[in-house]
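Contents: one structure, followed by commentary.
Lettering follows sequence order; numbering is per chain, from 1. Values below: every heavy atom of this structure, side chains too, minus hydrogens, waters and symmetry copies.
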2 protein chains.
Amino acid sequence: MKNLFHPDKDDIHLSSVLYALSDPVRLFIVSEIRRLGERSCGDIDVPVVKSTMSHHARTLREAGVLNVRIQGTQRMLTLREDDLESRFPGLLLSILDAYDRNGEPISSHTSE
Amino acid sequence: MKNLFHPDKDDIHLSSVLYALSDPVRLFIVSEIRRLGERSCGDIDVPVVKSTMSHHARTLREAGVLNVRIQGTQRMLTLREDDLESRFPGLLLSILDAYDRNGEPISSHTSE
DNA sequence: TTCATTATTCGATTGTTATCGAACAATAGA
DNA sequence: TCTATTGTTCGATAACAATCGAATAATGAA
């Protein structure tokens, strides 16, 4: 049985969280999990192939944004809302609210 | 007289702002400007050479985080607090508060 | 005009990342 | 045991980024 690394709450770093959430695809993933609750990787309708999705899920997990629970062949993703809220109060909410208010395109952060 | 590009308020993108603030050096720069008010590039005691500082100032300006005003040979930097607050309510404050609460290290591979 | 101050640009280096497809692994179910 | 489902890992690629030092530019002061 595999054991997935998750950083301790106190090892979650602001710059890593901001970096993880600065990618439009990852922002979309996180927004969907917040909207729908726990979901597997495959449940999230994201315009990348599954190996890329796996990469993003890992990036978010290692940054401390997501918790990943193994259930059969699936990886169930949840937001680490409580850990993030206690470490960075208001941060996640303001980011996700900003995301929902302004329709960010899912292309690239160097768009124009 | 040179004219520096600043994105319109409505062209400031969440992912770009998060990316700009995901670098520890840039977080420090922004935190210092918030703490001290308007400052020139050279006023900020940051552990990088001036060409690198120039690069970071440009990244923050182009992301919409900083306003840069030319005064003589200096570039005076201010936070675009109002624009950011109206577009992403609470975001900047929660980031800077999180930064101040948890001392994020500036991990740089050079000393100066 | 000459010099000092301040910052930008340029070229190079080194490292990181987002993406894909193919191969692989783990599990559940028949 | 066989097969389908679900993800991960690996290798490759192309793009981007953080940093430095040197050269350049703009300005103000002597």
Side-chain angles (χ1 to χ4, degrees), chain A residues 1-6 15-16 18-30 33 38-63 66-78 105-112, chain B residues 1-6 15-30 33 38-63 65-78 105-112:
Chain A
M1 167 74 83
K2 211 163 182 186
N3 218 359
L4 297 173
F5 168 77
H6 291 83
S15 53
S16 308
L18 296 180
Y19 179 76
L21 295 177
S22 73
D23 181 276
V25 174
R26 289 194 290 263
L27 216 34
F28 176 76
I29 291 169
V30 169
I33 293 174
E38 189 176 50
R39 281 296 182 278
S40 72
C41 288
D43 284 340
I44 299 169
D45 190 25
V46 76
V48 292
V49 299
K50 59 182 179 169
S51 60
T52 302
M53 173 67 195
S54 182
H55 161 70
H56 286 312
R58 177 180 182 162
T59 300
L60 289 164
R61 169 174 53 82
E62 291 179 346
L66 292 187
N67 187 277
V68 182
R69 181 173 66 84
I70 297 181
Q71 189 179 60
T73 65
Q74 300 189 104
R75 303 292 185 274
M76 303 307 295
L77 312 177
T78 47
I106 203 161
S107 54
S108 160
H109 61 67
T110 53
S111 63
E112 203 61 40
Chain B
M1 168 75 83
K2 212 164 181 187
N3 218 0
L4 298 173
F5 168 77
H6 291 83
S15 53
S16 307
V17 170
L18 297 180
Y19 179 77
L21 295 177
S22 72
D23 182 277
V25 175
R26 288 194 290 263
L27 262 181
F28 176 77
I29 292 168
V30 169
I33 292 172
E38 189 177 50
R39 282 296 182 278
S40 72
C41 287
D43 284 339
I44 299 168
D45 190 24
V46 78
V48 292
V49 299
K50 58 184 179 167
S51 60
T52 302
M53 173 66 193
S54 183
H55 161 70
H56 285 311
R58 177 181 181 161
T59 300
L60 289 164
R61 170 174 55 80
E62 291 180 345
V65 176
L66 293 186
N67 187 277
V68 183
R69 181 172 66 84
I70 297 181
Q71 189 177 60
T73 65
Q74 302 189 103
R75 302 291 185 276
M76 304 307 293
L77 312 177
T78 47
I106 300 187
S107 54
S108 174
H109 55 70
T110 49
S111 55
E112 200 243 303

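- For A:R75 and C:dA26, the CZ to C1' distance is 8 Å, given to the nearest whole Å.
- For A:T59 (side chain) and A:H55 (main-chain N/O), a donor-acceptor pair under 3.5 Å exists by modelled atom type.
- Taking atom CE on B:M76 and atom P on C:dT6, their separation rounds to 12 Å, with Å as the unit.
- Atom CD in A:E62 sits about 15 Å away from atom C1' in C:dA18, given to the nearest Å.
- Contact check, B:Y19 against C:dT17: no side-chain N or O comes under 4.0 Å of OP1 or OP2.
- Dashed line: the shortest gap from a side-chain N or O of B:S54 to OP1 or OP2 of C:dT8 is under 4.0 Å.
- Judged purely by atom type and a 3.5 angstrom limit, B:R75 has no side-chain atom pairing as donor or acceptor with the backbone of B:C41.
- Each of A:V68 and B:T73 was matched to the nucleotide of DNA chain D holding its nearest heavy atom; the match closer to the 5' end belongs to A:V68.
- Dashed line: the shortest gap from a side-chain N or O of A:S51 to OP1 or OP2 of D:dC10 is not under 4.0 Å.
- In A:R39, the CZ atom is crowded: over 12 heavy atoms of neighbouring residues, nucleotides or ligands sit closer than 6.0 Å.
- Atom CZ in B:R61 sits roughly 10 Å away from atom C1' in C:dT8 (whole-Å rounding).
- Taking CG of B:L77 as the start and CG of B:L60 as the end, the distance is 8.5 Å to the nearest 0.5 Å.
- OP1 or OP2 of D:dA18 has at least one side-chain nitrogen or oxygen of B:R26 nearer than 4.0 Å.
- Distance, B:D23 CG to D:dA18 P: 5 Å, rounded to whole Å.
- Looking at A:R26, its side chain does come within 3.5 Å of a backbone N or O of A:A20 through a donor-acceptor pair.
- In this structure, A:I70 atom CD1 and C:dT27 atom P are separated by 8 Å, rounded to whole Å.
- Counting any heavy atom pair closer than 4.0 Å across all strands shown, B:T59 reaches no nucleic acid atom.
- DNA chain C is contacted by both B:Q74 and A:G72; B:Q74 maps to the nucleotide lying nearer its 5′ end (nearest heavy atom per residue).
- The NZ atom of A:K50 sits 13 Å away from the P atom of C:dC20 (whole-angstrom rounding).
- The CD-P distance, from B:Q71 to D:dG28, rounds to 9 Å in whole Å.
- For the pair A:R58 and D:dT9, the criterion of a side-chain N or O lying under 4.0 Å from OP1 or OP2 is met.
- Between D:dT19 and B:H56, a contact under 4.0 Å exists linking OP1 or OP2 to a side-chain N or O.
- Side-chain N/O atoms of B:T52 include none lying less than 4.0 angstrom from OP1 or OP2 on D:dA18.
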